[in-house]
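Naming convention: chains lettered A, B, ... in sequence-line order (proteins, then strands); numbering from 1 in each chain. Worth knowing before you read on, the calculation uses all heavy atoms, side chains too, and leaves out hydrogens, waters and symmetry mates.
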Number of protein chains: 2
Amino acid sequence: MNERGRQTKVYLEIVKKIKEIIDENQLKPGGKLPSERELAEQLKVGRSSVREALRALELLGLIETRRGEGTFIADFRNHRLVEILSGFILTNEHAKKDVSETKQLIELAAIHLLIDQKKTIVDSYDFNQKKDRSRCFQKMFEQTDNYLLLKIWRILANFESSLNVNYHVGKERYIRLIQAINEGNREEADDLYRSIFTSFDHR
Amino acid sequence: MNERGRQTKVYLEIVKKIKEIIDENQLKPGGKLPSERELAEQLKVGRSSVREALRALELLGLIETRRGEGTFIADFRNHRLVEILSGFILTNEHAKKDVSETKQLIELAAIHLLIDQKKTIVDSYDFNQKKDRSRCFQKMFEQTDNYLLLKIWRILANFESSLNVNYHVGKERYIRLIQAINEGNREEADDLYRSIFTSFDHR
DNA sequence: ATTACAGGAGTGGTCTGACCACATAAAGTT
DNA sequence: AACTTTATGTGGTCAGACCACTCCTGTAAT
């Protein structure tokens, strides 16, 4: 596309092409991408442009690069954009609020979804650790059977933790929340979640 | 220097340096960064390495680049986190169901948020067009004052429309929904939203 | 003096070619 | 067979060359 006036920058198109290559070849995390020189020749662009695209994706943690070996698909869970973005965004109070708020909305939405689906949560976790909240919601999101929702939440959660926003909630509250969900008691689950996190609202 | 082992890749160090430059000079969105050549000379690195760093930051939406003019700090609220990641994450088969489901959850969450915020929607739109739904929710999300949420929703909406999932809902239902929101009637808004879109559920 | 235009300087966009550092497999040596 | 050397392929980095575009400035025409 983009006939005459190459409006789009080359490296952005290369990003798209790389995405296509991943799709077409069914590449999964760990899979190997063509070499930089190969990509350049194949797409008829300079190697430097290819590198700009690859470096951008690498900074995002979407690909992994090993000198002397090649470029590989990274496990999306290891995205490094947390540190990068947080460093730039930390100063922006608005973004901070957006992240926390959005995360809470999604968590609450997941709770509603679980109740609608009549799913139950197995609370076989040890809620005495710091990661209580993460593990609890991790389990919940997995139960929703909605990978997209899970991934969005993961990103937000990682992001938020990098902003040093910490919650200290006793495990008994999580257990009560899970009970309410398992019982399909929408109102109580709703109230419980709000009571747990409302006090931590940012302004 | 540091021959023993330049462990860190040059472009990553440049990213840090750029961050420092921004901090030291108190650069705000719209502020101008040194030129690529200037950065290269100043940091004693090649221009291509500088570009790799800048392109990565640009892909993230942290900086903005205008040919013939220079490189500028972008409004961090426009970060492209969601766009980039979504493109690489939404590859699986049941993405269709996840997208629709997640979008509906987020829409409902936004409705709840609006009600909690006691916001009101001005329904000055012409709901006789096909884009009814998009415009209606666009307006609603803008009112939530949560840019991140708006961005996530936009992605999902675009993605869904590309999957040829079309909704045909009369405008009167939107008007009733908005009324319920403006009245702060959570239950009715909830029911209205569900009644409107439940019938379109994907399995 | 004002306007219009041409040109220079600065900047990002892209490509090419050249090294270097490293990893791996093949070929050669013991 | 075990070890060593070599060749090849890969990412990492740099330097230089153009191009296209923006902006400013000096000159010429009005």
Side-chain angles (χ1 to χ4, degrees), chain A residues 1-18 21-22 25 27 29-74 78 80 84, chain B residues 1-18 21-22 25 27 29-74 80:
Chain A
M1 11 243 202
N2 295 56
E3 47 305 323
R4 74 185 102 294
R6 149 155 280 114
Q7 287 292 25
T8 3
K9 296 171 184 176
V10 171
Y11 89 97
L12 287 177
E13 291 185 354
I14 296 176
V15 168
K16 286 184 183 176
K17 289 295 176 67
I18 292 175
I21 290 176
I22 293 177
N25 299 40
L27 289 181
K32 191 171 182 298
L33 280 172
S35 73
E36 296 179 352
R37 292 173 177 83
E38 199 172 335
L39 280 173
E41 187 182 10
Q42 198 170 314
L43 305 179
K44 299 187 185 67
V45 296
R47 189 184 158 209
S48 52
S49 292
V50 172
R51 279 187 63 80
E52 288 179 9
L54 289 176
R55 262 3 90 206
L57 293 179
E58 186 186 52
L59 187 69
L60 276 169
L62 294 175
I63 63 175
E64 189 181 340
T65 262
R66 293 197 285 273
R67 168 185 280 181
E69 299 183 54
T71 307
F72 307 84
I73 313 287
N78 299 335
R80 313 189 53 231
I84 309 298
Chain B
M1 301 295 150
N2 48 332
E3 39 290 294
R4 175 66 43 231
R6 133 160 291 123
Q7 289 293 22
T8 6
K9 295 171 184 176
V10 171
Y11 90 97
L12 287 177
E13 291 183 354
I14 296 176
V15 168
K16 287 184 183 176
K17 289 296 175 67
I18 292 176
I21 291 177
I22 293 177
N25 299 41
L27 289 182
K32 190 171 183 297
L33 280 171
S35 73
E36 297 179 351
R37 292 173 178 82
E38 198 172 335
L39 279 173
E41 187 183 10
Q42 197 171 314
L43 305 178
K44 298 189 186 68
V45 296
R47 188 183 159 209
S48 50
S49 292
V50 172
R51 278 187 63 82
E52 288 178 8
L54 289 177
R55 262 3 90 204
L57 293 178
E58 186 186 53
L59 186 67
L60 276 171
L62 293 176
I63 63 175
E64 190 180 338
T65 263
R66 294 197 284 274
R67 168 186 280 182
E69 298 183 54
T71 306
F72 306 85
I73 313 286
R80 295 195 184 173

Shortest non-hydrogen contact from B:Leu33 toward B:Leu27:
CD2-CD1, 4.0 Å
Whole-Å distance separating the CZ atom of A:Arg66 from the C1' atom of C:dA21
17 Å
Would the base of D:dG12 count as contacting A:Arg47 through its side chain, where contact means a donor and an acceptor less than 3.5 Å apart?
yes
Nearest-Å distance for atom pair CD/C1', residues A:Glu36 and C:dT16
15 Å
Could you pick out which residue, A:Ser49 or B:Arg37, lies toward the 5' side of DNA chain C when each is mapped onto its nearest nucleotide?
B:Arg37
Between A:Glu13 and A:Lys16, is the closest basic N to carboxylate O distance under 4.0 Å?
no
Rounded to whole Å, NZ of B:Lys32 lies from P of D:dT22 at a distance of 15 Å
Whole angstroms only, please: what is the NZ-P distance between B:Lys9 and C:dA21?
17 Å
Smallest separation among heavy atoms of B:Thr65 and A:Lys9, with atom names
CG2-NZ, 3.4 Å
Using only heavy-atom distances, decide whether a donor-acceptor pair under 3.5 angstrom links the side-chain of A:Arg51 to the base of D:dG11.
no
Sorted by position of nearest nucleotide on DNA chain C, 5' first, the leading residue of B:Arg67 and A:Gly68 is B:Arg67
Classify the nucleic acid contact of B:Gly46 as base, sugar-phosphate or nothing, counting any heavy atom under 4.0 Å across all strands shown.
sugar-phosphate
I need the minimum non-hydrogen distance between A:Ala53 and A:Val15, along with the two atoms involved.
CB-CG2, 3.8 Å
Which listed nucleotide (D:dT10, C:dC15, C:dG12) is nearest to the side chain of A:Val45?
C:dC15
Distance check needed: C:dG10 P versus B:Leu33 CG, whole Å only.
19 Å
Find the distance A:Gln42:CD to C:dC15:P and express it as a whole number of Å.
15 Å
On DNA chain D, more 5' by nearest nucleotide between A:Thr71 and A:Ser48 is A:Thr71
B:Ala56 and A:Arg55: which non-hydrogen atoms are nearest, and at how many Å?
CB-O, 4.2 Å
Let me know the distance between CD of B:Glu52 and P of C:dG12, rounded to the nearest Å.
16 Å
Would you kindly give the CZ-to-P distance between A:Phe72 and D:dT10, to the nearest whole Å?
11 Å
